[in-house]
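Have a look at the structure below, then the notes.
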Protein chains: 2
Amino acid sequence: MTQDGRRRRGLRSREAILGQAVGLASVEGLDGLSLGRLATATGISKSGFFAHWSGKEELQLDAVDWASRQWREHIVAPALRAPAGVRRLFALHEARLRFYAERVLPGGCFFLAVQAEFDDRPGAVRERVAQALHDWDAFIRRLVREAVELGELAPGTDPAQLAYEIEALGEAAVIRSRLLDGQHALTHSRRAVLQRLRGLCPDPSLLPED
Amino acid sequence: MTQDGRRRRGLRSREAILGQAVGLASVEGLDGLSLGRLATATGISKSGFFAHWSGKEELQLDAVDWASRQWREHIVAPALRAPAGVRRLFALHEARLRFYAERVLPGGCFFLAVQAEFDDRPGAVRERVAQALHDWDAFIRRLVREAVELGELAPGTDPAQLAYEIEALGEAAVIRSRLLDGQHALTHSRRAVLQRLRGLCPDPSLLPED
DNA sequence: ACACTATATGAACGACCGGTCGTTTATCTG
DNA sequence: CAGATAAACGACCGGTCGTTCATATAGTGT
């Protein structure tokens, strides 16, 4: 029998803890988050969670993976349901803005908080975050390349350059929307990407006007 | 006599501490920075610095002001030496990229680190940072408006929109250059702003080709 | 000479940090 | 049933955090 209600209960705890950890980390950072507060927030004892991880860094690594999965479900998957090409590229950006607007994570964006925290701190966590960011960037570049191949973006378009711009305009949305002008930042972000894509698209009717 | 060598010595200590604090905060954040490490880095004792500030928050507020001054000296001032209009706008962006490339601050950008840290943490520090960011944004908008009035940017240009884009493309440069691809991020950032400005400028010869 | 003040110190504080320990409870196996 | 094992617990460790305090030193005003 592999029924083992022990393991099932453990997995449920694990998932609950990781969900809480990613949410808290989007606010206070992945290292700023303390085990004590995480234990309080999840309702378990501080010690009883060394049953799942050997230390804080192990938990941090799993939290990065959990956040990657959440990102794929909330941003990548909806985009893949849009038709390939420039519409899919814009759907990706809109999914991201929706993720921010709906406040799925209390701190806005897990990866932004963690990037700012670990970009100067060598170690396994930094590498895991860099890998996730690299995969994300490669995904955007792939969508750009597909759009070019479909003739929906100007032939000379540089995927790396356009991917940088889309990512920059998306990241800035969450920073500015939380610290300054709320809704305006999301509007500016949406319009910036939309107009950039329309400018490169031979058939602008594929995209909304505004 | 107001000669007072005590005060002069105190001011020198104060400046030295703030400089160190801003540098360290660009790496570890303004709250992640501990008084003990700051004391070690500056060579003074941990306690002997309650002579200058009543607590950590006071120091943090002064550090924000110090970083604002540094930003004005390194980025705003050079831009003001360029001719008004679109060239000044691009000079501003280039000064920023130079600031990052020259690694003036060990962590890249003080304000980015602090924004990510305090955007969810209410308090005096958050307000001070938000004010600094607002002033910076207003400055970019002013340069855009001047360029429009000089006929160097298309008449319909929305200053808030363009300012958002320039700021987003600048911020992303420091994030990505530190975590992923180093020089490439700066190149992409420069090219993105340059092409955007050239596209809006009736006389593109005012700007470099690439 | 004197009091005064600004600057700095080392020792000590309570709180919290990540982590270890032995133990208990619940579940599965034989 | 007994034995093994996963999950969770409370108590506690050494260390670091921000902060306080009594004290020492040096520069200033009278």
Side-chain angles (χ1 to χ4, degrees), chain A residues 1-21 24-25 27-64 114 117-118 121-126, chain B residues 1-22 24-25 27-64 114 117-118 121 123-126:
Chain A
M1 293 287 169
T2 51
Q3 187 174 340
D4 217 331
R6 294 174 298 181
R7 228 134 193 166
R8 219 173 337 162
R9 187 159 53 98
L11 274 179
R12 247 192 303 128
S13 293
R14 218 187 93 98
E15 285 297 302
I17 293 174
L18 284 175
Q20 274 286 341
L24 286 176
V27 176
E28 333 186 34
L30 202 39
D31 216 60
L33 160 68
S34 86
L35 298 188
R37 252 171 301 153
L38 179 57
T40 303
T42 52
I44 76 164
S45 77
K46 202 175 65 167
S47 56
F49 115 124
F50 285 85
H52 298 279
W53 296 277
S54 68
K56 195 181 186 181
E57 192 176 61
E58 293 270 331
L59 168 72
Q60 291 173 326
L61 291 173
D62 276 353
V64 174
V114 169
E117 205 179 5
F118 281 90
R121 217 175 300 187
V125 177
R126 193 200 123 104
Chain B
M1 291 291 168
T2 51
Q3 187 173 336
D4 217 332
R6 294 174 299 183
R7 227 139 193 161
R8 222 173 335 167
R9 188 160 52 101
L11 274 179
R12 246 190 303 128
S13 292
R14 216 188 96 98
E15 285 298 300
I17 293 173
L18 285 175
Q20 274 286 340
V22 169
L24 286 177
V27 177
E28 332 187 34
L30 203 38
D31 216 60
L33 160 68
S34 86
L35 298 188
R37 253 172 299 153
L38 179 57
T40 302
T42 52
I44 75 164
S45 76
K46 203 171 66 165
S47 57
F49 112 130
F50 284 84
H52 299 279
W53 297 277
S54 68
K56 195 180 186 183
E57 192 176 61
E58 292 268 333
L59 168 72
Q60 291 173 326
L61 292 172
D62 276 353
V64 175
V114 169
E117 204 180 6
F118 281 91
R121 217 175 301 187
V125 178
R126 192 199 123 104

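These numbers come from the heavy atoms of this one structure, side chains and all, not from hydrogens, waters or symmetry mates. To find a chain, count down the sequence lines: A is the first, B the second, and so on, and within it residues start at 1.
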Quickly work out the [X] [atom1] to [N] [atom2] distance and round it to whole Å.
X	N	atom1	atom2	result
B:Arg14	C:dA8	CZ	C1'	16 Å
A:Trp53	D:dA7	CH2	P	11 Å
B:Leu38	D:dG18	CG	C1'	13 Å
A:Arg7	D:dA8	CZ	C1'	16 Å
B:Leu30	D:dC17	CG	P	15 Å
B:Ile44	C:dT9	CD1	P	6 Å
A:Leu59	C:dC17	CG	P	15 Å
B:Asp31	D:dG18	CG	P	8 Å

Q: Could you tell me the separation between the CZ atom of B:Arg126 and the CG atom of B:Leu30, rounded to the nearest 0.5 Å?
A: 14.5 Å
Q. Taking atom CZ of B:Arg37 and atom CG of B:Leu24, what is their separation to the nearest 0.5 Å?
A. 8.0 Å
For a quick check of understanding: with a heavy-atom distance under 4.0 Å over all strands, which category does [X] fall into, base, sugar-phosphate or nothing?
X	value
A:Ser34	sugar-phosphate
B:Phe50	base
B:Leu11	nothing
B:Leu33	sugar-phosphate

Does [X] put a side-chain nitrogen or oxygen below 4.0 Å from OP1 or OP2 of [N]?
X	N	answer
A:Arg37	C:dC17	yes
A:His52	D:dA8	yes
B:Ser47	D:dC21	no

Q. If you pin B:Lys46 and A:Lys56 to their nearest nucleotides in DNA chain C, which one's is more 5'?
A. B:Lys46
Q: Would you indicate whether the side-chain heavy atoms of A:Thr42 and A:Phe49 approach each other to under 4.5 Å?
A: no
Q.
Can you tell me which nucleotide in C:dT7, D:dG10, D:dT19 comes closest to the side chain of B:Leu35?
A. D:dT19
Q. When you measure from the side chain of B:Lys56 to the backbone N and O of B:Asp31, does any donor-acceptor pair fall under 3.5 Å?
A. yes
Q: Mark yes or no for whether B:Glu57, through its side chain, and B:Gly123, through its backbone, hold a donor-acceptor pair below 3.5 Å.
A: no
